[in-house]
Number of protein chains: 2
Amino acid sequence: MRITYRGDYALKTILDLALHYHNSPVTIHNLALRADIPIKFLEQILLDLKKGGFVESRRGKIGGYMLAKPPSKIKLGQIIRFMDGEISPIACVDNNYKRCSHISKCAFRSIWQKVADSTSRIVDNITFEDLVKKNKNLTSKFTYQI
Amino acid sequence: MRITYRGDYALKTILDLALHYHNSPVTIHNLALRADIPIKFLEQILLDLKKGGFVESRRGKIGGYMLAKPPSKIKLGQIIRFMDGEISPIACVDNNYKRCSHISKCAFRSIWQKVADSTSRIVDNITFEDLVKKNKNLTSKFTYQI
DNA sequence: ATAATCTCTATCATAATAGTAGAGTATAAG
DNA sequence: CTTATACTCTACTATTATGATAGAGATTAT
């Protein structure tokens with residue numbers, strides 16, 4: 001797994017929306033500003049997140065973005081997989097990988113599988129509700145806001 | 001961490017050399033053939049591995065490559081780091097990363113650190129001696145050789 | 001001498017990544 | 001019913017990493 005800027009920006013944006021879950025929609029402008037993301041790049045990311053069913057939008061005045069489901073129902077792993085692809089260190093342990101001619105024979109494969117499993121166990125065990133709580137702790141200590 | 005072909009090829013090559021540790025040097029030709037690696041690409045990889053102190057070479061007839069140290073002294077993680085860089089899902093948890101302005105404040109950083117740690121724990125706990133043993137088991141079952 | 005083998009440097013093609021640009025569409029408010 | 005605000009959509013672009021390929025040179029056993 002490698003987290004790209006796309007993925008990183010998506011995660012920060014979802015967290016921002018989670019922090020404003022019960023408020024009015026958040027504009028792309030504000031999301032971009034707070035997380036220091038190029039606005040036109042974020043536009044594309046948000047459209048993808050919308051297609052993925054993670055966020056909803058409203059146009060026009062008082063428009064903006066909001067989460068499509070509660071923060072407790074969105075796991076880190078879901079966003080990572082959606083934006084950056086499979087959680088594995090190498091393609092041969094991806095789901096749907098068919099081309100490796102000696103899957104059962106390669107001494108490395110089980111190791112890559114182990115790495116993929118341990119990573120998944122971490123990112124699939126954290127929801128954005130958890131991160132909201134964590135962030136509020138951090139914020140109170142360090143006056144940081146996203 | 002993402003394993004590239006360069007890294008993958010290097011790992012397979014080191015394992016091949018480990019399997020022939022007490023024999024005469026192995027030629028690039030044979031290494032490339034057995035692991036199905038483009039020979040000119042493997043040449044470069046081997047020169048790098050030599051610079052890294054992992055392998056030694058002999059030129060001329062009866063030339064070839066051999067490990068510079070016993071398989072028990074080479075860990076998977078060493079080769080991965082040398083060929084593909086740091087074991088972390090994102091740059092902000094790399095050693096020597098200086099630019100992140102709010103390291104202590106980002107809700108994600110400790111998660112990436114956890115992922116890096118759990119991955120390191122796996123790949124730094126396996127030597128090529130372990131893989132040699134494992135491969136011999138696999139080989140006896142499936143008649144596979146590398 | 002020569003054949004086999006490693007050594008070194010340069011070059012190249014493709015794809016992924018990280019954006020940028022600009023015209024279009026919907027909506028709240030006056 | 002116009003206007004300002006904000007999301008939508010498609011196309012384009014620059015840079016870098018990746019995965020090679022090419023060819024001339026150096027070394028060594030026989």
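To find a chain, count down the sequence lines: A is the first, B the second, and so on, and within it residues start at 1.
- A straight line from CG of A/D48 to C1' of C/dG19 spans 14 Å, rounded to a whole angstrom.
- The neighbour count for A/D36 CG, taken as heavy atoms of other residues, nucleotides or ligands under 6.0 Å away, does not exceed 12.
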Interface polar pairs with nucleotides 9-15 of chain C, N/O, under 3.5 angstrom:
none

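- Taking atom CZ of A/F41 as the reference point, atom P of D/dC7 lies 18 Å away to the nearest angstrom.
- C/dT17 atom C1' lies 11 Å from atom CD1 of A/I45, rounded to whole Å.
- When rounded to the nearest whole Å, the span between CD1 of A/I37 and P of C/dG19 equals 10 Å.
- Across the protein-nucleic acid pair, A/L42 atom CG and C/dG19 atom P stand 11 Å apart, rounded to whole Å.
- Applying a 4.0 Å cut-off to non-hydrogen atoms, the residues of residues 55-64 of chain A that approach DNA chain C are A/R59, A/G60, A/K61, A/I62, listed by residue number.
- Each of A/L131, A/V132, A/V26 was compared with A/L19 under the side-chain contact (heavy atoms from CB on, under 4.5 Å) criterion, and only A/V132 meets it.
- Backbone-only engagement by A/K50 is indicated by non-hydrogen atom pairs under 4.0 Å involving sugar-phosphate atoms exclusively.
- Donor-acceptor pairing under 3.5 Å, judged by distance alone, is present between the side chain of B/K40 and the base of D/dG23.
- Side chains of A/Q44 and A/D48: no donor on one and acceptor on the other come within 3.5 Å.
- Heavy-atom nearest nucleotides on DNA chain C were determined for A/R6 and for B/I28, and the one closer to the 5' end corresponds to B/I28.
- Legend: residues meeting ring pair (Phe, Tyr, Trp, His ring centres under 6.0 Å) with A/F82, ordered by chain and number and at least two apart, are A/F54.
- Under the 4.0 Å criterion applied to side-chain N and carboxylate O atoms, B/D124 and B/R81 are assigned as salt-bridge partners.
- One interatomic measurement links the two molecules: CE of A/M66 to P of D/dA6, which rounds to 14 Å at whole-angstrom precision.
- Listed here is the closest heavy atom pair of A/S57 and A/Y65: CB-CE2, 3.5 Å.
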* Asked: Could you go step by step and tell me if A/D8 and A/K12 meet the salt bridge (Lys or Arg N to Asp or Glu O under 4.0 Å) rule?
  -> CA-CA 6 Å; A/D8 183 41; A/K12 285 172 174 164; 3.2 Å; yes

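- Set against C/dT17, C/dG19, C/dC6, the side chain of A/T4 has C/dT17 as its closest nucleotide.
- Taking NE2 from A/H22 and CG from A/L67, the interatomic distance works out to 10.0 Å, rounded to the nearest 0.5 Å.
- Dashed line: the shortest gap from a side-chain N or O of A/Y5 to OP1 or OP2 of D/dT15 is not under 4.0 Å.
- OP1 or OP2 of D/dA20 has at least one side-chain nitrogen or oxygen of B/Y9 nearer than 4.0 Å.
- Distance B/I39 CD1 to D/dA20 P: 14 Å, rounded to the nearest Å.
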* Would B/N125 and B/R121 satisfy side chain to side chain contact (heavy atoms under 4.5 Å, CB included), going step by step from the backbone distance to the final call? -> CA-CA 6 Å; B/N125 203 32; B/R121 224 171 294 128; over 6 Å; no

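- Rounded to an integer number of Å, the gap from B/K51 NZ to C/dC6 P is 16 Å.
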